[in-house]
Amino acid sequence: MTSSAGAPEVTPILHVDMDAFFVSVAIRHQPELWDQPVVVGGHARGVVTCANYPARAYGIHAAMPGSMARRLCPQLVSVRLDFGEVAEVSKQVREIFRRATPLVEVVSVDEAFLDVRGATRLFGSPEQIAHRIRRQIAEELSITCSVGVAPTPSVAKVGSRKAKPDGVVVVRPEDVPGFLHPLDVGELYGVGPSTRKRLRRLGFETVGDIARTPVPTLHQILGPRLGGHLHRLATGTDRRELTGRLGPDLPDRSTGAQETFGHDLSDREDIVRELLRLSARVTRRMRRAGTVGRTIALTVRFSDFTTISRSRTLPDPTDVTQEVHAIAVRLYDDLNLRGRALRLVGVRVEHLVAREGTDRQLVLGERERGWSEADRAVDQVAERFGSQLVRRASLLHNGRG
DNA sequence: TCTGGGGTCCTAGGACCC
DNA sequence: TCTGGGGTCCTAGGACCC
């Protein structure tokens with residue numbers, strides 16, 4: 001660490017993370033609910049998507065089955081999510097970030113990294129910038145957020161988690177080891193329940209235990225990838241530059257849809273119809289994004305929750321509903337389930353590329369061309385009148401339309 | 001308590017080619 | 001005739017994140 005006039009040479013990074021974002025957006029104009037336990041999701045066989053802090057006080061958290069959440073807190077309020085409003089608020093939050101610095105890297109709808117090295121002259125210390133952003137978000141959007149300030153993105157991210165809810169945590173360069181080392185290994189990004197268990201079996205309990213272990217040893221135990229990654233996180237040495245990317249401008253690598261049924265399905269006809277519904281949803285999304293994909297994957301979950309997948313790669317990419325559906329059905333038939341009850345099915349298209357430049361006209365048969373045109377016609381009507389109105393005949397009741 | 005939905009990335013084995 | 005090693009693609013499963 002070099003220092004010219006006593007101050008170490010560091011890039012101040014902010015990690016800003018909205019508090020219980022989905023719930024906060026849903027009830028931001030209902031202050032009477034702010035101190036009540038509120039969740040988004042958790043109906044029927046579903047799980048809680050997001051829980052606010054009063055709900056968390058009852059032990060409720062995201063991914064918890066709704067039935068359990070209601071048992072823990074009978075007066076729990078469940079609210080609906082307006083995706084349009086979520087997107088709008090998310091956009092407004094980004095605009096507030098941009099007032100502080102152009103170096104914003106959006107991670108997801110509710111969090112971003114900010115490189116504020118060029119903003120300190122105008123707005124003061126990184127900590128002052130953090131408070132300024134929090135104030136603007138609270139005043140203009142009626143939601144709260146938490147901020148971590150640190151010399152690297154990953155330390156800033158841990159900082160924002162420690163700051164929750166509605167707070168700021170500043171980690172100065174000289175304090176990084178003291179801040180990170182006492183933490184549980186499970187607090188590192190990329191260490192979930194499974195890796196945590198494995199690490200603890202091997203005697204690693206704290207982040208410091210990892211930081212003090214020679215890299216080659218970690219490589220040996222965890223593989224070169226995870227080993228190297230965790231050592232960098234544990235020592236706070238992940239000094240990458242932010243991409244300055246305002247949102248995910250890279251095309252998706254895959255896209256898919258899956259559905260857990262209200263009750264398990266075993267009839268082939270029902271399942272084939274669900275596969276058509278899902279194939280249509282996925283390919284419509286692809287046509288809108290202008291992507292085509294070569295690998296079609298089917299996911300199947302049984303009543304006992306065991307889950308398997310089968311996939312097939314085509315010579316040419318497609319976005320045609322009928323083609324994706326036909327392959328999904330073949331993959332299903334090849335499983336030879338003989339009417340075994342299914343809890344969930346999913347269809348996913350992988351290896352996506354831009355449709356431009358993958359002109360298939362020469363290999364397209366008349367039939368396929370016809371399906372492709374039918375898809376586009378359905379898309380156009382759906383754009384104009386809403387997708388509820390346009391359904392394929394076999395999606396109607398009894399498959400007879 | 002009984003487990004959503006949309007993604008990304010990694011690993012490992014087998015096939016195939018050079 | 002047997003052997004090796006590396007690279008790439010495909011498939012299945014799993015861990016993880018939001």
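Chain letters run A, B, ... following the sequence lines, proteins first and then strands; every chain starts at 1. Keep in mind the model is a prediction, meaning the values are calculated, not measured.
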Undergrad: Nearest whole Å is fine: how far is C/dC10 P from A/Leu331 CG?
TA: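 Value for this atom pair: 15 Å.
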Undergrad: Using distance alone, with no hydrogens and no angle criterion, decide if A/Thr313 and A/Arg294 have a side-chain donor and acceptor under 3.5 Å apart.
TA: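 Their side chains do not contain a donor-acceptor pair, so the 3.5 Å distance test is not met.
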Undergrad: Assess, by modelled atom type and distance only, whether the side chains of A/Asp375 and A/Thr321 contain a donor and an acceptor separated by less than 3.5 Å.
TA: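 Per modelled atom types, A/Asp375 and A/Thr321 side chains form a pair under 3.5 Å.
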Undergrad: Does A/Ser108 place a side-chain N or O at less than 4.0 Å from the phosphate oxygens OP1/OP2 of C/dC17?
TA: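 It does not, given that no N or O in the side chain of A/Ser108 lies less than 4.0 Å from OP1 or OP2 of C/dC17.
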Undergrad: Please state how far atom CG in A/Leu278 lies from atom C1' in B/dG6, giving the value in whole angstrom units.
TA: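 The distance from CG of A/Leu278 to C1' of B/dG6 comes to 13 Å, rounded to the nearest Å.
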Undergrad: Categorize A/Lys197 for me: base, sugar-phosphate, or nothing, with a 4.0 angstrom heavy-atom threshold over every strand shown.
TA: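 No contact.
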Undergrad: Rounding to a whole Å, what distance do you find between A/Leu199:CG and C/dA15:P?
TA: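 Going from CG in A/Leu199 over to P in C/dA15 covers 13 Å.
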Undergrad: Does A/Thr260 have a side-chain nitrogen or oxygen under 4.0 Å from the phosphate oxygens OP1 or OP2 of B/dG5?
TA: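 Result: yes.
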Undergrad: Using a cut-off of less than 4.0 Å, is there contact between a side-chain N or O of A/Thr313 and OP1 or OP2 of C/dT11?
TA: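 True: A/Thr313 side-chain N/O within range (under 4.0 Å) of C/dT11 OP1/OP2.
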Undergrad: Could you state the atom-to-atom distance from CD of A/Glu350 to P of B/dG6 in whole Å?
TA: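 Spelled out: CD on A/Glu350 to P on B/dG6 is 14 Å.
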Undergrad: Which is true for A/Arg343 with a 4.0 Å heavy-atom rule: it touches a base, it touches only sugar-phosphate, or it touches nothing?
TA: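 Sugar-phosphate contact only - A/Arg343 comes under 4.0 Å of backbone atoms but never of a base.
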Undergrad: Within 45° of the six-membered ring axis of A/Phe261 and under 6.0 Å from that ring's centre, is NZ or CZ of A/Arg343 located there?
TA: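 No, A/Arg343 does not lie over the aromatic ring of A/Phe261.
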Undergrad: Reckon A/Ser309 has a side-chain N or O less than 4.0 Å from the OP1 or OP2 of C/dG13?
TA: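 It does, given that an N or O in the side chain of A/Ser309 lies less than 4.0 Å from OP1 or OP2 of C/dG13.
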Undergrad: For A/Leu222 and for A/Ser254, locate the closest nucleotide of DNA chain B by heavy-atom distance; then report the residue assigned to the nucleotide nearer the 5' terminus.
TA: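 Mapping each residue to its closest nucleotide by heavy atoms, the 5'-most match is A/Ser254.
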Undergrad: Would you tell me if any nitrogen or oxygen in the side chain of A/Arg285 comes within less than 4.0 Å of OP1 or OP2 on B/dG7?
TA: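 Checking A/Arg285 against B/dG7: at least one side-chain N or O falls below 4.0 Å of OP1 or OP2.
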Undergrad: Both distances under 3.5 Å, Watson-Crick or G-U wobble: report the partner of B/dA12, or none.
TA: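 Checking every strand shown, B/dA12 finds its partner in C/dT11, with both distances under 3.5 Å.
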Undergrad: Pick base, sugar-phosphate or nothing for A/Arg301, based on heavy-atom distances below 4.0 Å to the nucleic acid.
TA: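 The residue A/Arg301 makes sugar-phosphate contact but no base contact.
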Undergrad: Between C1' on C/dA12 and CG on A/Leu298, what's the gap in Å once rounded to a whole number?
TA: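 About 13 Å, once rounded to whole Å.
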Undergrad: Tell me whether the OP1 or OP2 atom of B/dG6 has a side-chain N or O from A/Arg348 closer than 4.0 Å.
TA: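 It does not, given that no N or O in the side chain of A/Arg348 lies less than 4.0 Å from OP1 or OP2 of B/dG6.
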Undergrad: Please check the phosphate of C/dA15 (OP1 and OP2 only) for any side-chain N or O of A/Arg196 closer than 4.0 Å.
TA: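 No, no such contact exists.
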Undergrad: Does OP1 or OP2 of C/dC16 have a side-chain N or O of A/Thr195 closer than 4.0 Å?
TA: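 Affirmative; the distance criterion is met.
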Undergrad: Please measure how far the C1' atom in B/dG4 lies from the corresponding atom in C/dC17, and state the result in whole Å.
TA: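 My reading of the C1' atoms in B/dG4 and C/dC17 gives 14 Å.
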Undergrad: Ignoring hydrogens and angles, state whether a donor on the side chain of A/Arg94 or A/Ser90 is under 3.5 Å from an acceptor on the partner side chain.
TA: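 Note: A/Arg94 and A/Ser90 side chains meet the donor-acceptor criterion.
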Undergrad: Does A/Arg310 place a side-chain N or O at less than 4.0 Å from the phosphate oxygens OP1/OP2 of C/dA12?
TA: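 Yes.
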Undergrad: Heavy atoms only, 4.0 Å cut-off, all strands: where does A/Thr307 land among base, sugar-phosphate and nothing?
TA: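 Here A/Thr307 touches no strand at all.
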Undergrad: With stacking defined as ring centroids separated by under 5.5 Å and planes differing by under 30°, is A/Phe305 stacked against B/dT3?
TA: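 Check passed, A/Phe305 stacks on base of B/dT3.
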Undergrad: Tell me whether the OP1 or OP2 atom of B/dC10 has a side-chain N or O from A/Arg225 closer than 4.0 Å.
TA: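 Affirmative; the distance criterion is met.
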Undergrad: Tell me whether A/Arg56 forms a cation-pi arrangement with A/Tyr53, defined as NZ or CZ under 6.0 Å from the six-membered ring centre and within 45 degrees of its axis.
TA: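 Yes.
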Undergrad: In whole angstrom, what separates A/Glu111's CD from C/dC18's P?
TA: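 Distance check: A/Glu111 CD to C/dC18 P gives 5 Å.
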Undergrad: Tell me whether the NZ or CZ atom of A/Arg134 lies within the 45° cone about the ring axis of A/Phe97 and under 6.0 Å from its centre.
TA: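 Pair A/Arg134/A/Phe97 does not count as cation-pi.
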Undergrad: Within the 4.0 Å heavy-atom criterion, would you say A/Leu72 contacts the bases, only the backbone, or no part of the nucleic acid?
TA: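 No contact.
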Undergrad: Are side-chain N/O atoms of A/Ser146 and A/Asp17 paired as donor and acceptor at under 3.5 Å?
TA: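 No.
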Undergrad: Side chain of A/Pro193, heavy atoms from C-beta onward: which of B/dC2, C/dC16, C/dT11 has the nearest atom to it?
TA: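 Among the listed nucleotides, the one closest to the side chain of A/Pro193 is C/dC16.
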Undergrad: Heavy atoms only, 4.0 Å cut-off, all strands: where does A/Val107 land among base, sugar-phosphate and nothing?
TA: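 Answer is nothing: A/Val107 stays at 4.0 Å or more from every strand.
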Undergrad: Could you state the atom-to-atom distance from CZ of A/Phe261 to C1' of B/dG4 in whole Å?
TA: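 Taking atom C1' of B/dG4 as the reference, CZ of A/Phe261 is at 13 Å.
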Undergrad: Describe the nucleic acid contact of A/Ala63 in one word from base, sugar-phosphate, nothing, applying a heavy-atom distance below 4.0 Å.
TA: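 Counting heavy atoms under 4.0 Å across all strands, the contact made by A/Ala63 includes a base.
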Undergrad: Heavy atoms only, 4.0 Å cut-off, all strands: where does A/Leu344 land among base, sugar-phosphate and nothing?
TA: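 Since only primed, P, OP1 and OP2 atoms lie under 4.0 Å of A/Leu344, the category is sugar-phosphate.
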Undergrad: Could you check which nucleotide pairs with B/dC18 in any of the strands shown, counting Watson-Crick or G-U wobble with both distances under 3.5 Å?
TA: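 Pair assignment: B/dC18 / C/dG5.
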Undergrad: Round to the nearest Å and state the distance from A/Leu314 atom CG to C/dC9 atom P.
TA: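 Rounded to whole Å, this separation is 16 Å.
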